[in-house]
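Single-structure report; data block below.
Numbers restart at 1 for each chain; the letters A, B, ... are given by sequence-line order, proteins then strands.
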There are 2 protein chains.
Amino acid sequence: MSVDATPPPAAVCCAPLVRRPLSTEEATDLSRLLKAIADPARLRLLSLVAAHTGGEACACDLTEPLGLSQPTVSHHLKVLVDAGLLTRDKRGVWAYYALVPGALDALAGVLSTADAGSLPPSAC
Amino acid sequence: MSVDATPPPAAVCCAPLVRRPLSTEEATDLSRLLKAIADPARLRLLSLVAAHTGGEACACDLTEPLGLSQPTVSHHLKVLVDAGLLTRDKRGVWAYYALVPGALDALAGVLSTADAGSLPPSAC
DNA sequence: CCGGCGCATCGACGCCCGTCAATCTCGTCG
DNA sequence: CGACGAGATTGACGGGCGTCGATGCGCCGG
């Protein structure tokens, strides 16, 4: 498949992008996360899930708004889940997706020039 | 070339990724920015420039630490400049690169779940 | 005035990724 | 128990991107 099926979810923590030079490994890990969201379809999926009632959305509600085929949507959702940004909860016939709390904020904190204040220090 | 040479620098402003569904255009614009930094070499370039003395770095100082050829480094730098994340200042024979203030923070603000508080409201 | 050097551009190659049609798996309902 | 439907997987195709060697362009020193 096109995505790595066995990566540690989000090894990037308090990576000081702007404070000191990133190592090759740090840069690779961070780029893996960024590549996961550097796609219009996946960005829209994230915002659709986040804005949905209850913070979770059924896959069947995500196919039409994107204008993409069902296999393609399923593929993008898998990428986001593998990246540790979404959780998948299969209830009966339907699959419900929800944001992983703090995942996007951790990413934002790494990019931020100022020291991350939006996350509890326990995140490190 | 591989990058768009005439894009508006950063049309993404206060895009409510987590608040309401992104439009196709918003998602495309945001993904353009994210693609620019979703590469290990470019992430390392950003951190090298940011961590360098005076907040700016000469291109000659960036080639060796990356372990890439000079044309490749020049290409990555161009991508970052075109994305509005770096500025290029050619002084004599040398080219100096520096972070665009607030560019990374704006990106972080878009990703953040909480309302962006790290930027002045004038950014909108 | 000319040779050298820093950096950008060009052309080419190879791989990765987004997309779809077809198929498979497995709960659910009649 | 058999048929239907939701969603995941597979295989294939096409385009985009990262990388390099070769070359072009300007600025400096001799």
Side-chain angles (χ1 to χ4, degrees), chain A residues 1-7 24 27-28 30-46 48-49 56-83 86-98, chain B residues 1-7 24 27-28 30-46 48-49 56-83 86-98:
Chain A
M1 64 193 69
S2 61
V3 293
D4 187 2
T6 60
T24 304
T28 303
L30 184 51
S31 73
R32 224 188 296 272
L33 258 179
L34 289 170
K35 279 178 193 295
I37 63 172
D39 181 276
R42 291 198 282 269
L43 284 173
R44 297 192 70 196
L45 280 176
L46 283 178
L48 279 171
V49 169
E56 65 176 10
C58 171
C60 57
D61 296 329
L62 301 173
T63 304
E64 337 134 14
L66 277 188
L68 296 175
S69 68
Q70 177 267 324
T72 301
V73 173
S74 186
H75 162 68
H76 286 311
L77 287 170
K78 175 177 173 52
V79 172
L80 291 172
V81 169
D82 287 347
L86 284 184
T87 58
R88 186 172 73 113
D89 181 24
K90 186 153 192 179
R91 294 201 292 268
V93 186
W94 295 280
Y96 291 87
Y97 291 86
Chain B
M1 64 194 65
S2 59
V3 292
D4 188 0
T6 60
T24 304
T28 302
L30 184 51
S31 73
R32 224 188 295 273
L33 258 179
L34 289 170
K35 280 177 193 294
I37 64 172
D39 180 275
R42 292 198 280 270
L43 284 173
R44 296 192 70 198
L45 280 176
L46 282 177
L48 279 171
V49 169
E56 64 177 9
C58 171
C60 58
D61 296 329
L62 301 173
T63 306
E64 336 135 13
L66 277 187
L68 296 175
S69 70
Q70 177 267 321
T72 301
V73 173
S74 186
H75 162 68
H76 286 311
L77 287 170
K78 177 177 173 50
V79 172
L80 290 172
V81 169
D82 287 346
L86 284 184
T87 58
R88 186 171 76 108
D89 181 24
K90 186 153 190 177
R91 294 201 291 268
V93 186
W94 294 279
Y96 291 87
Y97 290 86

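- Between the CG atom of A:Leu62 and the P atom of D:dG7 there is a distance of 9 Å, rounded to whole Å.
- Contact check, A:Tyr96 against D:dA6: no side-chain N or O comes under 4.0 Å of OP1 or OP2.
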What's touching nucleotides 28-30 of chain C from the protein side, N or O pairs under 3.5 Å?
none

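- For B:Asp89, the side-chain hydrogen bond (donor to acceptor under 3.5 Å, both in side chains) partners two or more places apart in sequence, or in a different chain, are B:Arg91.
- Applying the 4.0 Å criterion to OP1 and OP2 of D:dC17, one finds that B:His76 has every side-chain N and O outside that range.
- Rounded to whole Å, the distance from NZ on B:Lys90 to P on C:dC7 is 8 Å.
- Between B:Thr72 and D:dT19 there is no side-chain polar atom (N or O) within less than 4.0 angstrom of OP1 or OP2.
- Between the side chain of A:Lys35 and the backbone N or O of B:Ala38, at least one donor-acceptor pair lies under 3.5 Å.
- Residue whose closest nucleotide on DNA chain C sits further toward the 5' end, between A:Lys35 and B:Trp94: B:Trp94.
- Taken from CG in A:Leu68 to OG1 in A:Thr63, the straight-line distance is 9.0 Å, to the nearest 0.5 Å.
- For B:Thr72, the side-chain hydrogen bond (donor to acceptor under 3.5 Å, both in side chains) criterion is met by B:Ser69, not counting sequence neighbours.
- Under the side chain to side chain contact (heavy atoms under 4.5 Å, CB included) criterion, B:Pro40 pairs with A:Ala27, A:Thr28, A:Ser31, not counting sequence neighbours.
- Across the protein-nucleic acid pair, B:Leu34 atom CG and C:dC17 atom C1' stand 16 Å apart, rounded to whole Å.
- Regarding contacts with the backbone of D:dG18, a side-chain N or O of B:His75 is found under 4.0 angstrom from either OP1 or OP2.
- Counting atom types as modelled, A:Gln70 pairs a side-chain N or O with a base atom of D:dA8 as donor and acceptor under 3.5 Å.
- B:Thr87 meets the side-chain hydrogen bond (donor to acceptor under 3.5 Å, both in side chains) test with no other residue; sequence neighbours excluded.
- One interatomic measurement links the two molecules: CZ of A:Arg44 to P of C:dG18, which rounds to 16 Å at whole-angstrom precision.
- Summarising the geometry, the separation between CG on A:Leu80 and P on D:dA8 is reported as 12 Å, rounded to the nearest angstrom.
- For A:Pro71, the side-chain atoms get nearest to C:dC20 when compared with the rest of D:dG18, C:dC20, C:dG18.
- Note: CG (B:Leu43) to C1' (D:dG18) measures 14 Å, nearest angstrom.
- B:Asp61 places its CG atom 11 Å from the P atom of C:dG6, with the value rounded to the nearest Å.
- Scanning for side chain to side chain contact (heavy atoms under 4.5 Å, CB included) contacts around B:Ser74 gives B:Gln70, with sequence neighbours left out.
- OP1 or OP2 of D:dG7 has not a single side-chain nitrogen or oxygen of A:Tyr97 nearer than 4.0 Å.
- Rounded to whole Å, atom C1' of D:dT10 lies 13 Å from atom NZ of A:Lys78.
- Close to D:dA8, at under 4.0 Å from its OP1 or OP2, lies a side-chain N or O of A:Arg88.
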